[in-house]
Amino acid sequence: RKEVEQDPGPFNVPEGATVAFNCTYSNSASQSFFWYRQDCRKEPKLLMSVYSSGNEDGRFTAQLNRASQYISLLIRDSKLSDSATYLCAVDNTDKLIFGTGTRLQVFP
Amino acid sequence: ETGVTQTPRHLVMGMTNKKSLKCEQHLGHNAMYWYKQSAKKPLELMFVYSLEERVENNSVPSRFSPECPNSSHLFLHLHTLQPEDSALYLCASSQDRGGASEKLFFGSGTQLSVL
């Protein structure tokens, strides 16, 4: 099993739609979780941290499910500008492990 | 000034060349990193420096040689690279190593092509 796994997509959704991505991780001892956004040919940028109690920032909601060992990212009211690759990152023995990313394409 | 600046943005080099990538962070962070990103692969951690001391080297070939002269600057010296080393090389910094402090701020990356 990979340390961190994501569905590569692409997820093609219309503007205004709600879309959710999951990211599974293998180390049950992991404590820190993050979502990053990466635009084509650009660097990853921190989108949000994921806390045990969940985390909401505007249209974005991140949640952690420890029992099933996954984190999720929910995007409501999708905008064209949300089109990007979303990377999850999970700490594993003091080192961040990244997933390969999930590609989101929002169309008009 | 942006938080983490990397130069050059693009680099083409032959297998016998020697070049260096430069990274500078203006965030007052204590940890700096080199990552490699290849197509369809996850980000691979290459080197970590914490307070200018190398704390991790993920079995990277010796043709990659990092240097951290102070907490704001990080270099990656390249020599006798192979075509499979062509990738996007990203520098990052974080307040500290480990846990919730390891929120990474990335530079814009160097797109490296080895001919």
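Computed from a prediction, not measured in an experiment: that's the story for all the values here. Below, each value reflects all heavy atoms present in this structure, side chains not excepted, and no hydrogens, waters or symmetry copies. A, B, ... follow the sequence lines: proteins, then strands. Residue 1 opens every chain.
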**Side-chain donor-acceptor pair present, B/Q37, A/Q38, cut-off under 3.5 Å** = yes
**Request:** Answer yes or no: is there a side-chain heavy-atom contact under 4.5 Å between A/Y36 and B/L104?
**Result:** yes
**Request:** State, to 0.1 Å, how close B/L90 and A/E43 come at their nearest heavy-atom pair, and which atoms those are.
**Result:** CD2-CB, 3.9 Å
**Request:** For atom CZ of A/R41, decide whether the heavy atoms of other residues, nucleotides or ligands shown that lie under 6.0 angstrom number more than 12.
**Result:** no
**Fill in**
For B/K103 and A/S49, the nearest pair of non-hydrogen atoms, with its separation, is CE-OG, 3.2 Å
**Fill in**
So, the part of B/Y35 with a heavy atom under 4.5 Å from chain A: the answer is side chain
**Asked** With only heavy atoms counted, which part of A/K95 is less than 4.5 Å from chain B, the side chain, the backbone, both or neither?
**Response** both
**Asked** Given a strict heavy-atom distance threshold of 4.5 Å, which part of A/L87 is in contact with chain B: side chain, backbone, both, or neither?
**Response** side chain
**Request:** Decide if atom CD of B/Q82 counts as having more than 12 heavy atoms of other residues, nucleotides or ligands within a radius under 6.0 Å.
**Result:** yes
**Asked** Are there more than 12 heavy atoms of other residues, nucleotides or ligands under 6.0 Å from atom CD of A/Q6?
**Response** yes
**Message:** Do A/P44 and B/L43 make a side-chain contact, defined as non-hydrogen atoms from C-beta onward lying under 4.5 Å apart?
**Reply:** yes
**Message:** Would you say B/V114 ends up clustered with B/L11 if hydrophobic residues are merged whenever their side chains have heavy atoms under 4.5 Å apart, either directly or through other cluster members?
**Reply:** yes
**Message:** So for A/F33, is it side chain, backbone, both, or neither that comes closer than 4.5 Å to the heavy atoms of chain B?
**Reply:** neither
